[in-house]
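Notes follow the structure.
Please read all numbers here as calculations on a predicted model, not as lab measurements. Below, each value reflects all heavy atoms present in this structure, side chains not excepted, and no hydrogens, waters or symmetry copies.
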Amino acid sequence: TYPAAWLSWVASTTGCLRVLGHDVDLVDVAGHSGYGFSLVVHDELCPSGPTSLPWGPLTEGIPSLGRTPLTFWGGIGTEGTATGQIRDHCRSAFELVSSEIARGRPCVIWGTYVPEFGIVVGVEDDAYLVQSYRANSGEEQPPIPFDQLAIPGGPYVLAFPAAVELDPDEADRRAIVIAAAAMQARTGWPQYHTGPAAYDAWIAALENGTADALGNSYNAHCWAEARGWAAEFASRLARRHSQVAGLAAAAKYLAIAAAALADVAKRFPFPGNSASGVVHEAVASLAQARDADVAATGALVEAAAAAYGR
């Protein structure tokens with residue numbers, strides 16, 4: 001099944017891992033992958049922000065969840081029928097998925113109906129059978145031909161070919177380092193912003209009236225969800241490792257950021273509300289989230305050093 005969530009990579013990965021017999025939830029996946037600690041915002045709050053973080057580092061935490069990750073990523077793609085080299089890449093992706101499905105292992109793919117991630121649960125006549133965000137709204141999920149994915153970033157597959165056992169304490173130490181790195185990550189694309197600069201860009205777009213209404217709402221819901229997961233994950237880590245300095249403080253600050261972002265999401269219900277009357281309150285909440293994130297980052301950096309005795 002496809003878990004209900006705004007961030008479809010987290011939802012899809014969680015669904016796959018559960019099918020493969022691993023007792024994980026959305027918080028586990030968002031935490032160990034670092035997605036919950038990420039933040040990427042476009043200048044004009046384009047809906048692409050929540051999926052514009054680097055996908056490669058997300059898989060570093062998959063072994064901590066019980067599987068080895070295998071990733072395929074083709075060239076820059078399209079949202080229509082793929083042709084030429086991109087179609088060849090789509091075929092290669094489909095062959096990989098078909099091989100995994102034949103072995104009883106679902107996969108994550110990019111571009112299910114729109115640029116979102118979904119779970120491949122079967123293949124039929126050169127098409128994917130999927131569970132996607134549509135599962136939560138009761139919409140039909142017809143087969144998707146292998147060359148008709150909505151893939152502006154190119155075809156992407158995340159497979160989970162083998163089980164792996166990692167020492168739980170080592171998995172947690174890795175998670176702390178991944179979290180600290182995710183909160184300090186930067187993007188090389190000038191139109192996208194991360195960390196405190198992302199909040200500043202978001203505030204400027206709201207105050208200048210340049211924020212896309214749908215994208216603003218979508219970003220708010222996605223990032224509020226992410227910070228909520230991050231706060232809960234940090235709390236779990238703090239309960240398991242009370243001796244690690246910084247973890248309890250990180251959890252506290254992340255909870256403040258999550259609440260502030262939830263307030264922004266409440267003021268801009270999806271699919272978009274551009275009413276100017278809520279901008280002042282939203283800006284105040286974004287500033288609060290920014291300051292809390294800065295404090296949480298410092299606490300996580302301290303925790304990462306403490307976890308490895310440095």
Shortest non-hydrogen separation from [X] to [Y] and the atoms involved:
X: A287; Y: I203; answer: N-CD1, 4.0 Å
X: A289; Y: Y199; answer: CB-CE2, 3.6 Å
X: A282; Y: L206; answer: CB-CD1, 4.2 Å
X: A226; Y: L7; answer: CB-CD1, 3.8 Å
X: P50; Y: Y218; answer: CG-CE2, 3.8 Å
X: S285; Y: V264; answer: CB-CG2, 3.7 Å

Mutual orientation of the aromatic rings belonging to [X] and [Y] [parallel < 30°, tilted 30-60°, perpendicular > 60°]:
X: F117; Y: W110; result: tilted
X: Y35; Y: W223; result: tilted
X: Y192; Y: H42; result: perpendicular

Membership question, hydrophobic clusters at under 4.5 Å side-chain separation (ILVMFWY): are [Y] and [X] in the same one?
X: L53; Y: L26; result: yes
X: I178; Y: L237; result: no
X: V121; Y: W9; result: yes
X: V19; Y: L70; result: no
X: V123; Y: F160; result: yes

Answer yes or no: is there a side-chain heavy-atom contact under 4.5 Å between [X] and [Y]?
X: L166; Y: R174; answer: yes
X: L158; Y: W55; answer: no
X: Q131; Y: P106; answer: no
X: Y253; Y: V294; answer: no

Judged by atom type as modelled, is there a donor-acceptor pair below 3.5 Å linking the side chain of [X] to the main-chain atoms of [Y]?
X: R227; Y: G36; result: yes
X: S92; Y: D88; result: yes
X: D43; Y: A201; result: no
X: R186; Y: Q184; result: yes
X: D172; Y: D169; result: no
X: S217; Y: L214; result: no
X: S12; Y: V108; result: no

Atom pairs and distances, side-chain donor-acceptor, residues 139-153, under 3.5 Å, sequence neighbours left out:
{"from": "E139", "atom 1": "OE2", "to": "S137", "atom 2": "OG", "distance (Å)": "2.9"}
{"from": "Q141", "atom 1": "OE1", "to": "S132", "atom 2": "N", "distance (Å)": "2.6"}
{"from": "Q141", "atom 1": "OE1", "to": "S132", "atom 2": "OG", "distance (Å)": "2.9"}
{"from": "D147", "atom 1": "OD2", "to": "R87", "atom 2": "NE", "distance (Å)": "3.1"}

Nearest-0.5 Å distance, [atom1] of residue [X] to [atom2] of residue [Y]:
X: L17; Y: R67; atom1: CG; atom2: CZ; value: 8.0 Å
X: L254; Y: W229; atom1: CG; atom2: CH2; value: 14.5 Å
X: S99; Y: F94; atom1: OG; atom2: CZ; value: 11.5 Å
X: L65; Y: T13; atom1: CG; atom2: OG1; value: 9.0 Å
X: C107; Y: I119; atom1: SG; atom2: CD1; value: 10.5 Å
X: I62; Y: T68; atom1: CD1; atom2: OG1; value: 10.0 Å

Tell me, yes or no, whether the heavy-atom count around [X] atom [atom1], taken from other residues, nucleotides or ligands under 6.0 Å, exceeds 12.
X: D167; atom1: CG; answer: yes
X: D125; atom1: CG; answer: no
X: F233; atom1: CZ; answer: yes
X: E165; atom1: CD; answer: no
X: Q85; atom1: CD; answer: no

Of D291, D263, L261, the residue whose pairing with L286 passes side chain to side chain contact (heavy atoms under 4.5 Å, CB included):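 By the side chain to side chain contact (heavy atoms under 4.5 Å, CB included) criterion, L286 pairs with just one of D291, D263, L261: L261.
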
Given V130 and Y2, is the side-chain contact (heavy atoms from CB on, under 4.5 Å) satisfied, shown in steps? CA-CA 9 Å; V130 306; Y2 182 90; over 6 Å; no

Would you say the side chains of T112 and Y128 form a donor-acceptor pair under 3.5 Å?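 No, no side-chain donor-acceptor pair sits under 3.5 Å.
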
Steps toward salt bridge (Lys or Arg N to Asp or Glu O under 4.0 Å) verdict (R103, E100): CA-CA 5 Å; R103 290 165 173 78; E100 287 295 292; 5.5 Å; no

Could you walk me through whether D200 and R290 pass the side-chain contact (heavy atoms from CB on, under 4.5 Å) check? CA-CA 8 Å; D200 293 339; R290 177 193 60 207; 2.9 Å; yes

For a side-chain contact (heavy atoms from CB on, under 4.5 Å) check, start with the C-alpha distance between L39 and T194, then their side-chain angles and the critical distance, and finish with the verdict. CA-CA 6 Å; L39 180 68; T194 58; 5.9 Å; no

Please report the C-alpha distance between Q288 and I256 in whole Å, then the side-chain angles of each, then the deciding distance to 0.1 Å, and finally whether the side-chain contact (heavy atoms from CB on, under 4.5 Å) criterion is met. CA-CA 8 Å; Q288 183 182 25; I256 293 171; 4.0 Å; yes

